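What follows is one structure encoded as structure tokens, with my remarks underneath.
All chains are named by letter (A, B, ...) in the order of the sequence lines, taking the proteins before the strands, and each is independently numbered beginning at 1. Side chains are part of it too, since the values below use all heavy atoms of this structure and drop only hydrogens, waters and symmetry mates. All values derive from a computational prediction rather than experimental measurement.
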Number of protein chains: 2
Amino acid sequence: MKNQKLLDKALGCLPSLYETKVDAVRTVELEKNGEKTEIKETENYTEQSLKKHSKICLDFGNHQVGYLTLKLGYKGSHPDAPVWMRIHFAENPRELFEDAESYQGWICSSWIEEERIHVDVIPSEVKLPRRYAFRYVVIEILDISSKFDLVIEKAECTAVSCVRDEELLDFQAQSPYLKRLDQVACRTLHNCMQTVFEDGPKRDRRLWMGDLRIQALTNYQTYKKSSLVKACLYLFAALPMEDGKVGACLFLEPEPEVDDTQMFDYSLFFINTLWDYFRETGDRTTLEELWPTVLKQIEIAKKSLDGEMLVKDSDILGWCFVDWNLNLNKQASAQGILLYALSAAVKMAQTIGDILVEEELAELYCACRNAANERLWDSKQGCYISGKDRQISIASQVWMVLGEAVTGEDARKLLMEIEQREDVEKMVTPYMYHNYIDALLHTGEKNRALRKLETYWGGMLEQGADTFWELYNPENVNESPYGGTIVNSYCHAWSCGPAYFLRKFFKAEEE
Amino acid sequence: MKNQKLLDKALGCLPSLYETKVDAVRTVELEKNGEKTEIKETENYTEQSLKKHSKICLDFGNHQVGYLTLKLGYKGSHPDAPVWMRIHFAENPRELFEDAESYQGWICSSWIEEERIHVDVIPSEVKLPRRYAFRYVVIEILDISSKFDLVIEKAECTAVSCVRDEELLDFQAQSPYLKRLDQVACRTLHNCMQTVFEDGPKRDRRLWMGDLRIQALTNYQTYKKSSLVKACLYLFAALPMEDGKVGACLFLEPEPEVDDTQMFDYSLFFINTLWDYFRETGDRTTLEELWPTVLKQIEIAKKSLDGEMLVKDSDILGWCFVDWNLNLNKQASAQGILLYALSAAVKMAQTIGDILVEEELAELYCACRNAANERLWDSKQGCYISGKDRQISIASQVWMVLGEAVTGEDARKLLMEIEQREDVEKMVTPYMYHNYIDALLHTGEKNRALRKLETYWGGMLEQGADTFWELYNPENVNESPYGGTIVNSYCHAWSCGPAYFLRKFFKAEEE
């Protein structure tokens, strides 16, 4: 199903990477104190003579994505045997206290950034061939000849990204706290901006459609590298699944290829991401070239509707991601997301000037909206329900608001009231929180949106985040949907939204 | 103390390496049955789908020194996570049953040829950057995503050596058994012949003087690469220790440099090795250029003599290797080795035409021989004793014979009788066995020498050796001077002598 013409166009837009040399800024000792990790500066690594079982922890000052180079020297006799080392990279100091051996979760433990290497020649410069995402690096000498001590004369990271710090647009925040939130969000995006918009540079470095939407929006407010968004959109259009559906994610290596993961919502987000891109750039050629892919997504999504224009229940629909809450029934969210996509598609048809299609899409939108309001609205409960068990969740309301099944004061009240309720399915990922903030802003609730943003993303800041995380539950920092936090990613695309929100809606007033 | 002129000459003679591609010839399963390892052929690795915890063992058909390349493919969904593998190389199948974690010996465990690697991209070709010495390779999947299985489509070794099989001189052995002994000895030498004559390609890949002597002699009968001997002699002469002594061993990487290990015997063997080289090649320039190094070794060795021209006892002498038998008193062996070196030096002086030096050396030789026979010969015991405790060992007799302190029928009887005695210090390494065989031949005991050679090296053959080992004690196969057999080397230079002996002394009679 590969479209070579679109693929060539995509590959032609892929950026090259900038390299930045970053030195380890200090040597630290980490101690676990209950849930907190205490970090103390210690004797500089270059001064330490490392013997068997010696262990040092390097701090690179901020979250880095890149390659580690160690310049190795020695004290004592000429090295007469290889040095055997364990090198453990950590985005978050907590990873250094987790035991890789005992991890038994369902995500592959091969993502744990830990190597055991032998260095045959010393003195030498060792550049590890793999890319890592980290701030901290622990180096432990597993074995070394007793005839000499190892000295690490220099530890350097060659950090990579397709954007440079200097390209970041200026932003006057309303407070130092918001400024810091923005900085961390920008760093998150920066470190996910590689050859494509990656999901997370530690784990699952693929290009995911759902994450791309948020990254693209944030990118327009920050690094403004719209060519990267264009490349990613062309990639998705060039490499659909067998039935023409936009895949949930793509691999770049060894050859660009679509994954076999299908997600109802992620395929539809192609439409909104293309529309956002057009609004940002006015690039009509791209809009027109990718327009058939848009129509194909709608045609495929229609097959998930029942006779009365309602998305089928979760168990028949197939995977619709929405959030990592495994109890969540996705029917209502899916209906809202379909509306959200259709609404963009109508505007695209209008822009393109295809009046017949515009009318068809508008009719479809209305029919789906009516179905939502007739069959999923529970007037007694005063909110949307989802699935045969009539589940109530925040996600369902958020997507009905963003899909404009409900608007104006009704929408504002709906979000206000759902937040008060304890008996509803909550949100668990920054991704869902992002959409929630978006919905609050959509209903004009700027203050509440800002407070939520400050509380939720600020919670990560208080835990020492240099970049925003894949997962954060203020009530349980040990939460992981994967069966162990050691594989959690602490620099994750879908968490970069604060820079988008703050820069678009919360600029400091000009004096 | 570096002599740049000699060093440049050495570096100019260093060979480049030939590469030979070797495929894994079969896939096997190993089972330990008491002391024996049973090897069964199993389903070819290319047909196996590898999941988490899968383990395969590849057999490369013979001992190899080189680099491993794996061509990796998959079955199932597109790989969505790195593959984490353990790769364990073994020269001897017994290594695969040894537990690296529990090894606590004094030789660094970093020599154990085991890697844990992450492969990020599949399909791909992975070439491990380090060189290994092995016949067997066990690959174990430590973790892999459940979305796909790994398939090893091709496993290839790029074997390296500075000589090619085709260069090996023809040899008509007296029997198929002796032919096999010769083959294994030649393979041992071949795989130690790299940029220099290495000690053992698995562990301690340095150039050692004591091993060089044996390798050079065997080389003249086999691959006839005398330029490599020349390069090694120039290296030792170019890089002496501070006092001008030839070091026991040299490093090649990152720069040629002498180790700080001193051995009385190894320094002196420079003399014999140069003399053997001259006799082989007639290369007078080398003889003359390295002659000052010869004289320096004798000058330094003289400092170890007491007033009566006897090498001081072991505790004052410093390290004189002789054998890995830690109970061995080295005084008598050292005296014998000094005679052995002086005897060669006298002939060299004669060749060079330096009559004064020749006379001086001859006088020194006689004085030392007299000292040996007056002070170390125990006429009641009928053999040479060593040290203040008057220790009797095979080594002492061997070196007195090779140094010609005793000659003719007396020498023959001495070796015959010492072998009958149970109350003497025995030999433990192939290195010392080599010198023993040499001494037997020196006394004309060809049959006994051959029987010994067949029994001792043949014992390794019966244990399945593809190359001869660093250590072999017929009475205890679990012996290691290092505190664990897992670091033992099973292709070791000093074991290659059978090819020298068989080809020089035991050619089949021509029909």
Measure the spacing between CH2 of W111(B) and CG of D143(A) and express it to the nearest 0.5 Å. 12.0 Å
Tell me, out of H118(B), E114(B), R116(B), who's got the most heavy-atom pairs with chain A below 4.5 Å. H118(B)
Select one option (side chain, backbone, both, neither) describing which atoms of D80(B) are under 4.5 Å from chain A's heavy atoms. both
Is the shortest side-chain heavy-atom distance between S109(B) and W84(A) below 4.5 Å? yes
To the closest 0.5 Å, what do you measure between CD (E101(B)) and CG (L142(A))? 9.0 Å
Can you say whether S77(B) sits under 4.5 Å from chain A via the side chain, the backbone, both, or neither, judging by heavy atoms? both
Side-chain contact test, heavy atoms from C-beta onward, threshold under 4.5 Å: evaluate it for E253(A) versus I122(B) and give yes or no. no
Answer key: most heavy-atom pairs under 4.5 Å with chain A among S124(B), C108(B), P82(B) is P82(B)
Does atom CD of Q4(A) have more than 12 heavy-atom neighbours, drawn from other residues, nucleotides or ligands, at distances under 6.0 Å? yes
With a 4.5 angstrom heavy-atom cut-off, which part of P79(B) approaches chain A: side chain, backbone, both or neither? backbone
Please rank R130(A), R131(A), E115(A) by heavy-atom pairs under 4.5 Å with chain B and give me the top one. R130(A)
Between OG on residue S110(A) and CD1 on residue I117(B), distance to nearest 0.5 Å: 12.0 Å
Region of I107(B) in contact with chain A, defined by heavy-atom distances below 4.5 Å: neither
Note: vs chain B, highest number of non-hydrogen pairs under 4.5 angstrom among E255(A), K52(A), K147(A) is K147(A)
